[in-house]
Amino acid sequence: MVGLVEQMSTFPINSRIKVNSDYGTVKFFGEIKGYSGLWVGVEWDDSRRGKHNGCVNEIQLYDSSGKIVPFDSLAGAIEKRYVLNIGNPLDENLMQQVKENVKASIFEFVGAEKIMKKQSHVELLEDISVACSNTQTAGDLMPFCNLVTVNLSATLIWNWRIVADIASQLPRLSYLNLSQNRLVLPSDLDISDLEPSFRHVKDINLSDCGLNSFKDILQTARLFPWIEYLSLQNNNISTLAVPDCNLVFKNLLNLDLHMNKLSNFDEILKLGNIQSLEVLLLMHNGLRRIHLPDCEPTQHLDIFPNLLEINLKNNPIENEVETFNELDKLQHLSVVNQTPDPKSGFENMFSHAVALISNLKSLNKINVNPISRREAEYDIWKKYGWEYLLTSGSPTDRNKFMRKIRAYGKIVEKYGCPDEALVRPATKQSSVITVNLLDPEANRLVTKKLPKKMMIQALQGLVIKLFKSEPGKFPILSYVDAERQDVCVVLDNMSKNLDYYSIQDGDTIIIQW
């Protein structure tokens with residue numbers, strides 16, 4: 001079954017359509033040979049939509065099970081939600097957005113009467129949400145000229161001329177949420193005509209807009225080269241490109257790329273020429289390793305020259321020490337967010353980060369104070385002290401070590417050269433000893449490897465099992481020192497272990513029944 005529509009209807013190619021709760025993009029509108037009337041072919045956002053492939057004469061059309069939702073203007077949508085709906089004036093979408101913005105799980109209606117009063121006087125409105133509405137055009141927005149925040153998430157807006165019409169009518173507009181829309185790529189002519197309409201907009205949200213090509217994103221970004229905040233989360237982006245900062249991102253402060261597929265940090269490095277960038281959000285990207293270009297241990301890189309904060313949470317990063325050592329190459333980085341390794345925990349991660357990132361002020365919103373920094377640096381001073389001392393005879397090895405632990409030079413300046421007695425690795429001793437079990441009466445000798453922590457009572461049970469004594473008969477155990485045969489000690493305390501009696505490799509345990 002395909003979609004037959006009324007003769008008065010019109011559906012521009014690439015415009016957005018909504019049938020019941022399903023969204024799609026118009027790919028065909030017109031007559032079909034052999035069929036009467038006008039038909040609409042739709043590419044659905046949900047590929048599972050429809051009961052057949054919708055193909056007629058090799059043209060993909062849409063399953064008409066459902067009612068096409070009528071279009072609306074932004075002005076009309078605002079009027080419906082904020083003027084005509086006075087009985088229930090607090091829009092749920094806007095309330096949810098306010099909760100997210102203030103990071104509050106509980107939203108109290110303090111001053112609700114004041115909000116109602118504002119909503120009944122449209123000229124006082126500053127923040128509105130028409131998310132999930134049928135908005136497709138701007139309409140006359142003069143009555144709403146004081147709007148600062150507009151949420152157009154999941155509407156039917158489909159091209160940038162519509163968005164520019166909205167922005168040009170709202171001179172105070174600062175934040176524009178266009179997430180979950182499918183917008184046609186602007187042409188060079190579009191950019192030339194429309195760019196002035198966005199010069200006052202500071203923050204644009206393009207999350208979940210199907211923008212998986214970063215080149216297309218850069219083309220779109222030419223519409224708003226002076227933007228300060230840009231969200232591109234959940235767009236399935238896997239590769240980036242070096243932006244021409246003469247055309248885009250001239251004043252970009254905050255870039256949100258989380259929930260994409262940027263698993264190779266080399267792609268992230270392509271953004272290093274954005275001079276103004278201060279905050280970079282990279283959560284949920286599948287990053288395993290953070291690696292930056294090489295530089296001298298006492299120097300910093302020229303890339304990301306003003307980056308203050310990076311968020312790496314929920315990435316399967318494999319080596320925390322390497323990660324923090326690499327991040328230390330960024331001159332002004334002071335805020336880091338990262339998920340700790342579940343095996344080592346947050347405290348271990350915090351210690352590494354504080355010691356290895358020279359300018360770190362906060363990790364996962366925990367501020368770094370002088371005491372925690374001193375403790376973390378001392379831990380690193382001691383942990384890598386022996387490795388540092390081993391490189392003293394080779395300038396090449398010393399330089400290699402200092403690149404591996406960039407902060408170690410400054411730590412040595414603070415606390416001095418590590419003391420060999422403190423940092424020399426302890427000789428690892430085996431927890432297992434080899435002993436001889438001798439039953440003189442049966443003239444039988446058994447050699448066994450036993451744990452030093454084995455209790456005498458457990459040893460007694462082992463002897464009974466190995467030597468198969470009569471039921472109810474328990475052995476008396478004593479040991480003879482391998483080096484001093486004249487020393488014989490009775491093992492009479494069942495609650496003590498072999499280590500307590502100082503039993504060593506080669507000693508003999510005498511069994512008497």
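Residues take their numbers from the sequence shown, with the count starting at 1. All heavy atoms count here, side chains included; hydrogens, waters and symmetry mates do not.
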Determine whether Leu147 and Asp127 make a side-chain contact, defined as any pair of heavy atoms from C-beta on separated by less than 4.5 Å.
-> no
Of all residues at least two apart in sequence or in a different chain, which pass the side chain to side chain donor-acceptor pair (under 3.5 Å) check with Asp165?
-> Gln169
Got Leu269 and Leu292 here, is their nearest side-chain heavy-atom distance under 4.5 Å?
-> yes
Derivation of the side-chain contact (heavy atoms from CB on, under 4.5 Å) call for Lys215 and Leu240 = CA-CA 8 Å; Lys215 289 185 178 180; Leu240 300 177; over 6 Å; no
Would you please name every residue forming a side chain to side chain contact (heavy atoms under 4.5 Å, CB included) with Asn315, sequence neighbours left out?
-> Asn285, Leu287, Leu312, Ile317
According to the ring pair (Phe, Tyr, Trp, His ring centres under 6.0 Å) rule, which pairs have a member within residues 260-299, sequence neighbours left out?
-> none
Is any side-chain heavy atom of Leu170 closer than 4.5 Å to a side-chain heavy atom of Leu141?
-> yes
Tell me, with the steps shown, if Tyr175 and Lys202 meet side-chain contact (heavy atoms from CB on, under 4.5 Å).
-> CA-CA 6 Å; Tyr175 173 67; Lys202 304 296 184 185; over 6 Å; no
When you measure from the side chain of Asp193 to the backbone N and O of Glu195, does any donor-acceptor pair fall under 3.5 Å?
-> no
Would you mind checking if Arg289 and Glu318 are paired as a salt bridge, meaning a charged N to carboxylate O distance below 4.0 Å?
-> no
What residues form a ring-ring contact (aromatic ring centres under 6.0 Å, His included) with Tyr388, not counting sequence neighbours?
-> Phe401, Tyr408
Indicate the atoms forming the closest heavy-atom contact of Ser197 with Ala167, along with that distance.
-> O-CB, 3.4 Å
Give the minimum heavy-atom separation between Asn146 and Arg172, together with the two atoms involved.
-> O-NH1, 3.3 Å
Could you pull out the closest heavy-atom pair between Ile405 and Ile380, with the gap in Å?
-> CG2-CG2, 4.2 Å
Side chain to side chain donor-acceptor pair (under 3.5 Å) involving Gln457 - partner list, sequence neighbours excluded | none
Any donor-acceptor pair under 3.5 Å linking the side chain of Asp379 with the backbone of Ser351?
-> no
In this structure, CG of Leu183 is separated from CD1 of Ile162 (nearest 0.5 Å) by 8.5 Å
Under 4.5 Å between any side-chain heavy atoms of Leu206 and Ser179, yes or no?
-> no
Is it true that atom NZ of Lys250 has more than 12 heavy atoms of other residues, nucleotides or ligands lying nearer than 6.0 Å?
-> yes
Using 4.0 Å as the upper bound for N to carboxylate O, is an ion pair formed by Glu296 and Arg403?
-> yes
Among all residues two or more places apart in sequence or in another chain, which pass the salt bridge (charged side-chain N to carboxylate O under 4.0 Å, His left out) test with Asp266?
-> none
Rounded to the nearest 0.5 Å, what's the gap from CG on Leu462 to CG on Leu450? Could you check?
-> 6.5 Å
Please check if the side chain of Asn235 supplies one atom and the backbone of Leu211 the other of a donor-acceptor pair under 3.5 Å.
-> yes
Which residues pass the side chain to side chain donor-acceptor pair (under 3.5 Å) test with Lys329, sequence neighbours left out?
-> Glu326
Hey, are the side chains of Leu498 and Ile456 touching, using non-hydrogen atoms and a 4.5 Å cut-off?
-> yes
For Asn260 and Ile237, the nearest pair of non-hydrogen atoms, with its separation, is OD1-N, 3.0 Å
Supply the atom-to-atom distance Asn273 CG to Phe249 CZ, rounded to the nearest 0.5 angstrom.
-> 10.0 Å
List the atom of Ser362, the atom of Val368, and the distance in Å for their closest heavy-atom pair.
-> N-CG2, 4.1 Å
Please report the closest heavy-atom contact between Asn337 and Lys365, naming both atoms and the distance.
-> OD1-N, 3.9 Å
Does atom OH of Tyr229 have more than 12 heavy-atom neighbours from other groups under 6.0 Å away?
-> no
The reported gap from CG in Asn254 to CG in Leu230 (rounded to nearest 0.5 angstrom) is 9.0 Å
Taking only residues two or more places apart in sequence or in another chain, which ones pass side chain to side chain contact (heavy atoms under 4.5 Å, CB included) with Ala77?
-> Asp72, Val130, Ser133, Thr135
Leu189 CG: over 12 foreign heavy atoms closer than 6.0 Å | yes
Go through the structure and list residues passing salt bridge (charged side-chain N to carboxylate O under 4.0 Å, His left out) with Glu375, not counting sequence neighbours.
-> none
Apply the salt bridge (Lys or Arg N to Asp or Glu O under 4.0 Å) test between Glu387 and each candidate in Lys404, Arg398, Lys400; give the one that qualifies.
-> Lys404
Could you give the distance from OG1 (Thr323) to CG (Leu356), rounded to the nearest 0.5 Å?
-> 10.5 Å
Say whether, by atom type as modelled, one donor and one acceptor occur between the side chain of Ser392 and the main chain of Leu389 under 3.5 angstrom.
-> yes
Lys270/Glu267 ion pair, N-O < 4.0 Å = yes
Do Pro243 and Leu271 come close enough that some side-chain heavy atom pair is under 4.5 Å?
-> yes
Looking at residues at least two apart in the chain, or sitting in another chain, which of them share a side chain to side chain donor-acceptor pair (under 3.5 Å) with Thr155?
-> Asn181
Would you list the atom pairs, donor with acceptor, under 3.5 Å between side chains in residues 297-309 and any protein atom, with sequence neighbours excluded?
from   : atom 1 : to     : atom 2 : distance (Å)
His300 : NE2    : Asp328 : O      : 3.4
Asn306 : ND2    : Gln275 : O      : 2.7

For the atom pair CG (Asn205) and CG (Asn151), what is the distance rounded to the nearest 0.5 Å?
-> 8.0 Å
Atom pairs and distances, donor-acceptor, side-chain atoms in residues 220-228, under 3.5 Å, two or more places apart:
from   : atom 1 : to     : atom 2 : distance (Å)
Thr220 : OG1    : Asp216 : O      : 3.0
Arg222 : NH1    : Asp188 : OD1    : 3.0
Arg222 : NH1    : Gln219 : OE1    : 3.1
Glu228 : OE2    : Asn251 : ND2    : 3.4

Carefully, step by step, assess Asn311 and Val279 under the rule side-chain contact (heavy atoms from CB on, under 4.5 Å).
-> CA-CA 8 Å; Asn311 194 323; Val279 178; over 6 Å; no
Between the side chains of Thr391 and Asp397, does any donor sit under 3.5 Å from an acceptor?
-> no
Within-4.5 Å side-chain heavy-atom neighbours: Arg373 and Ser358 = no
Decide whether Lys261 and Asn236 meet the rule of one side-chain donor and one side-chain acceptor closer than 3.5 Å.
-> yes
Please lay out, stage by stage, how Leu152 and Ser129 fare under the test side-chain contact (heavy atoms from CB on, under 4.5 Å).
-> CA-CA 7 Å; Leu152 291 165; Ser129 172; over 6 Å; no
Can you find a heavy atom in the side chain of Asp190 that is under 4.5 Å from one in the side chain of Trp160?
-> no
Does any donor atom in the side chain of Ser372 or Asn369 lie under 3.5 Å from an acceptor atom in the other side chain?
-> yes
